Amino acid sequence: MDCLFCAIVAGDIPSRQVYADAAAVAFLDINPWKRGHTLVIPRRHVDDLLAADEALTEIAAAINATARLLVDRLGADGVNLLSSAGAVAGQEVFHLHVHLVPRYADDPGLRAVTDRVAGIDLDEVAAALAGAGSSGGAGR
Ligand code: AMP
Ligand code: ZN
């Protein structure tokens with residue numbers, strides 16, 4: 001199957017991985033809405049949250065651990081979760097992913113979630129998040 005996120009899990013396409021466990025991988029979104037915008041995905045291919053009832057449960061621990069990491073390492077004041085199922089919902093990559101969006105007091109509110117912040121240095125953010133728990137392995 002030709003899937004971008006399966007290729008990231010396999011390490012065939014580089015990513016800035018910030019967390020991983022047996023079921024899930026978390027890596028920085030390449031075009032972030034906010035500093036630290038991270039995607040959490042299951043290692044196995046699932047199209048979206050409607051495609052397999054248990055898939056979200058499988059990655060729940062990784063979602064929690066990554067959210068905690070974003071607060072502890074980046075100083076986020078809050079976090080939004082978003083997962084789109086289906087093109088009509090805005091899904092563009094058809095491998096289940098949960099957007100974890102750190103939020104900061106100087107840019108509050110639900111309507112501002114997808115307003116991009118200019119000039120985010122992904123390598124700097126990855127360095128700030130490096131070395132957590134069971135992160136490492138594929139990616140960089
Ligand atoms: P969605 O629109 O919910 O399907 O989200 C797909 C997300 O994947 C977007 O926010 C993209 O910026 C992100 N994305 C696409 N390609 C990559 C990549 N190679 N590495 C990291 N994130 C990516
Ligand atoms: Zn996939």
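Order of listing sets the numbers, starting from 1, for every ligand and every atom in it. No experiment lies behind these values; they were computed from the predicted model shown.
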Closer than 4.0 Å to some heavy atom of Leu28 - which atoms of ligand 1 meet that?
21 (C)
Can you tell me how far CG of Asn80 sits from CG of Leu100, rounded to the nearest 0.5 angstrom?
9.5 Å
Check whether any side-chain heavy atom of Val25 lies under 4.5 Å from a side-chain heavy atom of Tyr19, and answer yes or no.
no
Number the atoms of ligand 1 from 1 as they appear, then name those within less than 4.0 Å of a heavy atom of Gln91, with their elements.
4 (O)
Determine, using the 4.5 Å side-chain heavy-atom cutoff (strictly less than), whether Leu4 and Phe94 are members of one ILVMFWY cluster.
no
Closer than 4.0 angstrom, basic N to acidic O: yes or no for Arg35 and Glu124?
yes
Are the side chains of Val113 and Trp33 in touch, meaning some heavy atoms are under 4.5 Å apart?
yes
Part of Ile13 with heavy atoms under 4.0 Å of ligand 1, whether side chain, backbone, both or neither:
neither
Determine, using the 4.5 Å side-chain heavy-atom cutoff (strictly less than), whether Val117 and Val101 are members of one ILVMFWY cluster.
no
Between Lys34 and Ala112, the two heavy atoms sitting closest are NZ-O, 2.7 Å
Is Leu39 in polar range of ligand 1, meaning some N or O pair under 3.5 Å apart?
no
Angle at the Zn ion (ligand 2): provide the value between ND1 of His45 and SG of Cys6, rounding to 10 degrees.
110°
Enumerate the atoms of ligand 1 whose separation from the nearest heavy atom of Gly90 is less than 4.0 angstrom.
2 (O)
Nearest non-hydrogen partners of Arg44 and Glu58, listed with the distance
NH2-OE2, 2.8 Å
Among protein heavy atoms, which sits nearest to atom 9 (C) of ligand 1, and what does the distance come to when rounded to 0.1 Å?
Asp29 OD2, 3.4 Å
Ring center gap for His97 and His95 short of 6.0 angstrom
no
If you measure from each non-hydrogen atom of Phe5 to ligand 1, which part falls under 4.0 Å: side chain, backbone, both or neither?
side chain
Could you tell me if the side chain of Leu96 sits less than 4.5 Å from the side chain of Asp47, heavy atoms only?
no
Pull out every atom of ligand 1 sitting under 4.0 Å from any heavy atom of His97, numbered as shown with elements.
1 (P), 3 (O), 4 (O), 5 (O), 6 (C)
Given His95, His37, Glu92, which one has a non-hydrogen atom that is nearest to atom 4 (O) of ligand 1?
Glu92
Does ligand 1 have a heavy atom under 4.0 Å from the side chain of Phe94, from its backbone, from both, or from neither?
neither
Taking only heavy atoms of Asn31 into account, list the atoms of ligand 1 that are under 4.0 Å away from them.
12 (O)
Looking only at heavy atoms, is any part of Leu82 under 4.0 Å from ligand 1, and if so is it the side chain, the backbone, or both, or is it neither?
neither
closest protein heavy atom to atom 22 (N) of ligand 1 is Ile30 N, 3.2 Å
Heavy-atom gap Arg16 to ligand 1 smaller than 4.0 Å
no
May I ask you to check if ligand 1 and Ile8 share an N or O to N or O distance below 3.5 Å?
no
Angle subtended at the Zn ion (ligand 2) by His95 ND1 and Cys3 SG, to the nearest 10 degrees, is 110°
